[in-house]
K.L.:
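Questions regarding the structure given below will be posed in turn.
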Amino acid sequence: MIRAIIIDDEPLARVHLHSHLKLIGGVDIVGEYENGFDGLKGIALLKPDLIFLDVQMPKLNGFEMLELIDDLPSVIFTTAYNEYAVKAFEQNAVDYLLKPYSADRLRIALERASDLMQKPEAKKRLESMIHQTHEQADVLERIAVKIGIRIKIIYLQEIDYIEAQDDYVMIHTHEGKYLKQNTMKYFEDHLPVKSFVRVHRSYIVRTDNVAQIELYEKDSYQLKLKSGNPIPVSKSGYSRLRDVLQF
């Protein structure tokens, strides 16, 4: 018997899945959640073999949720958005159900999932897909970070600056600072270009938080944020800042 949980914000979609699973058998639904926050708690508590996961959910979507899980179970994605299926799922041999789906299609997905549970490379494929989808995302609107068992959503207007920390970044906000496993290059590429500028190899600042810029030494500058924090600015960073702020 496969122990599974459902994470989907649509009540009718959960009912649809339940009805098909009753016909097929072999799956014990041990938890059901309507959002990614509760879903993460359920995964940590119940440690299921399989997740039926909706891709598009408010506040925390399926990919943002998976990024925060340390030990990934098997996943069958459920989605109404065909572009996700074509770009990510098939490329990585990770199964998905395109809504609305039939019981026969669900049976095939379960057979594949059951087979993949025995293969160590399946987890690597899933991790690869999450990474690729993350890299191909459009402009960020929010950043999800994990603090113990709690999830914090950081909206862009809350960010003062981002600082490199080896393989991580430290996101500084007016409330505090939060560690995130991502590269500076990722944030440079995915934050809105008019709102955030990489002023130094180790710093990205929110432009409307800049209070003043001054010459620090030859070919290098220093800026002060409205919060009072001094930030080093490289020659190339100064040039990028000038282009955005037009001074």
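Every heavy atom of this structure was used, including side-chain atoms; hydrogens, water molecules and symmetry mates were not. Please read all numbers here as calculations on a predicted model, not as lab measurements.
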K.L.:
Considering residues, nucleotides and ligands other than Gln212, do more than 12 of their heavy atoms fall under 6.0 Å from its CD?
P.N.:
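Yes, enclosed.
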K.L.:
Treat each ILVMFWY residue as a node, draw an edge where side-chain heavy atoms are under 4.5 Å apart, and state whether Ile162 and Leu179 are in one component.
P.N.:
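Shared cluster, no.
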K.L.:
At what distance, to the nearest 0.5 angstrom, does CD1 of Ile29 lie from CD of Glu32?
P.N.:
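So the CD1 of Ile29 and the CD of Glu32 are separated by 7.5 Å.
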K.L.:
Compare all side-chain heavy atoms of Leu110 with those of Ile24 and state whether any distance is below 4.5 angstrom.
P.N.:
yes
K.L.:
Could you walk me through whether Tyr161 and Thr173 pass the side-chain contact (heavy atoms from CB on, under 4.5 Å) check?
P.N.:
CA-CA 7 Å; Tyr161 65 99; Thr173 75; over 6 Å; no
K.L.:
For residues Asn182 and Phe187, report the shortest heavy-atom separation together with the two atoms involved.
P.N.:
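Looks like CB-CE1, 3.4 Å.
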K.L.:
Please answer whether the main-chain N or O of Arg240 pairs with a side-chain N or O of Arg198 as donor and acceptor at a distance below 3.5 Å.
P.N.:
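Looks like no, no N/O pair under 3.5 Å.
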K.L.:
What closest approach, in Å, do Ala109 and Leu97 show between heavy atoms, and which atom pair accounts for it?
P.N.:
CB-CD2, 3.9 Å
K.L.:
Is it true that Glu175 and Lys152 make a salt bridge, defined as a side-chain N closer than 4.0 Å to a carboxylate O?
P.N.:
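Result for this pair is yes, salt bridge flagged.
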K.L.:
Side chains of Asp9 and Pro58: does their closest heavy-atom pair fall under 4.5 Å?
P.N.:
yes
K.L.:
State whether a side-chain donor-acceptor pair under 3.5 Å links Glu158 with His174.
P.N.:
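The answer is no; no qualifying pair exists.
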K.L.:
Run the salt-bridge test on Glu163 and Lys177 with the 4.0 Å N-O cut-off and return the result as yes or no.
P.N.:
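No salt bridge links Glu163 with Lys177.
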K.L.:
Take a 6.0 Å sphere around NZ of Lys224 and say whether it holds more than 12 heavy atoms from other residues, nucleotides or ligands.
P.N.:
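Atom NZ in Lys224 is not crowded, with 12 or fewer foreign heavy atoms closer than 6.0 Å.
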K.L.:
Where is the tightest heavy-atom contact between Ala4 and Val27, given as atom of each residue plus distance?
P.N.:
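In this case the closest contact between Ala4 and Val27 is CB-CG1, 3.8 Å.
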K.L.:
Can you list the steps and then say if Val205 with Val210 is a side-chain contact (heavy atoms from CB on, under 4.5 Å)?
P.N.:
CA-CA 8 Å; Val205 300; Val210 175; 4.2 Å; yes
K.L.:
Would you say that Ile213 contacts Leu241 through its side chain, given a criterion of any heavy-atom pair below 4.5 Å between the two side chains?
P.N.:
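Result yes, sub-4.5 Å side-chain heavy-atom pair found.
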K.L.:
Tell me if the CG atom of Leu12 is crowded by more than 12 foreign heavy atoms within 6.0 Å.
P.N.:
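Not buried by this count: 12 neighbours or fewer within 6.0 Å.
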K.L.:
Could you check Phe63, Tyr96, Phe52 and say which one makes a ring pair (Phe, Tyr, Trp, His ring centres under 6.0 Å) with Phe77?
P.N.:
Phe63
K.L.:
Taking the side chain as everything from C-beta on, heavy atoms only, tell me whether Ile7 gets closer than 4.5 Å to Ile43.
P.N.:
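Counting from C-beta outward, Ile7 and Ile43 do come under 4.5 Å.
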K.L.:
Might you point out which heavy atoms bring Ala13 and Asp8 nearest each other, and give the distance in Å?
P.N.:
CB-OD2, 3.5 Å
K.L.:
Do you know which two heavy atoms are closest between Arg201 and Ala164, and how far apart they sit?
P.N.:
O-CB, 4.5 Å
K.L.:
Kindly indicate, with the supporting measurements, whether the criterion salt bridge (charged side-chain N to carboxylate O under 4.0 Å, His left out) is fulfilled by Glu64 and Arg142.
P.N.:
CA-CA 10 Å; Glu64 289 172 324; Arg142 63 197 180 194; 2.9 Å; yes
K.L.:
Output the distance between atom OG (Ser195) and atom CG (Asn209), rounded to the nearest 0.5 Å.
P.N.:
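Spacing of OG (Ser195) from CG (Asn209) equals 12.0 Å.
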K.L.:
Sub-3.5 Å donor-acceptor pair from the side chain of Lys180 to the main-chain atoms of Ala144, do we have one?
P.N.:
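Yes, because the side chain of Lys180 sits within donor-acceptor range (under 3.5 Å) of the backbone of Ala144.
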K.L.:
For Glu10 and His16, which I'm curious about, is there any donor-acceptor pair between the side chains at under 3.5 Å?
P.N.:
no
K.L.:
Counting only N and O atoms by type, is there a donor-acceptor contact under 3.5 Å from the side chain of Asp49 to the main-chain atoms of Ile2?
P.N.:
no
K.L.:
Where do Arg107 and Asp104 land on the salt bridge (charged side-chain N to carboxylate O under 4.0 Å, His left out) test, with the steps shown first?
P.N.:
CA-CA 5 Å; Arg107 184 180 289 106; Asp104 285 340; 2.8 Å; yes
K.L.:
Would you say the side-chain atoms of Ser227 and Asn229 include a donor-acceptor pair closer than 3.5 Å?
P.N.:
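Result is yes, a qualifying pair exists.
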K.L.:
Are Val199 and Leu215 co-members of a hydrophobic cluster defined by side-chain heavy atoms under 4.5 Å apart?
P.N.:
yes
K.L.:
CZ of Arg150 to CG of Leu40: how many Å apart, nearest 0.5 Å?
P.N.:
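If I round to the nearest 0.5 Å, the distance is 13.5 Å.
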K.L.:
Under 4.5 Å between side-chain heavy atoms, counting indirect links through other Ile/Leu/Val/Met/Phe/Trp/Tyr residues: same cluster for Tyr168 and Leu191 or not?
P.N.:
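Cluster IDs for Tyr168 and Leu191 differ.
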K.L.:
Taking all atoms of both residues into account, what is the closest heavy-atom pair of Phe196 and Thr207, and its distance?
P.N.:
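The pair with the smallest heavy-atom distance is N-CG2, 4.3 Å.
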K.L.:
Does the side chain of Leu98 come within less than 4.5 Å of Thr79's, by heavy atoms?
P.N.:
yes
K.L.:
Do Leu156 and Val193 belong together in a cluster built from hydrophobic side chains that touch within less than 4.5 Å?
P.N.:
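Shared cluster, no.
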K.L.:
Do Lys99 and Thr78 come within less than 4.5 Å of each other through their side chains, counting heavy atoms only?
P.N.:
yes
K.L.:
With a 4.5 Å limit on heavy-atom distance, are the side chains of Met57 and Asn35 in contact?
P.N.:
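Heavy-atom side-chain distance check fails, nothing below 4.5 Å.
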K.L.:
I need the Thr183 OG1 to His190 NE2 distance, nearest 0.5 Å.
P.N.:
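Spacing of OG1 (Thr183) from NE2 (His190) equals 9.0 Å.
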K.L.:
Measure the shortest side-chain to side-chain distance between Ile204 and Met184 over non-hydrogen atoms and say whether it is less than 4.5 angstrom.
P.N.:
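Heavy-atom side-chain distance check passes, below 4.5 Å.
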K.L.:
Applying side-chain contact (heavy atoms from CB on, under 4.5 Å), run through Ile51 and Ile76 and close with a yes or a no.
P.N.:
CA-CA 6 Å; Ile51 308 170; Ile76 294 177; over 6 Å; no
K.L.:
To the nearest 0.5 Å, what is the distance between NE2 (His200) and CD (Gln222)?
P.N.:
11.0 Å
K.L.:
Would Ile159 end up clustered with Met170 when hydrophobic side chains under 4.5 Å apart are linked, directly or stepwise?
P.N.:
no
K.L.:
Rounded to the nearest 0.5 Å, how far apart are CG of Asp38 and CE of Met65?
P.N.:
11.0 Å
K.L.:
Test side-chain contact (heavy atoms from CB on, under 4.5 Å) on Lys235 and Tyr221 and set out the steps.
P.N.:
CA-CA 7 Å; Lys235 185 176 180 180; Tyr221 297 80; over 6 Å; no
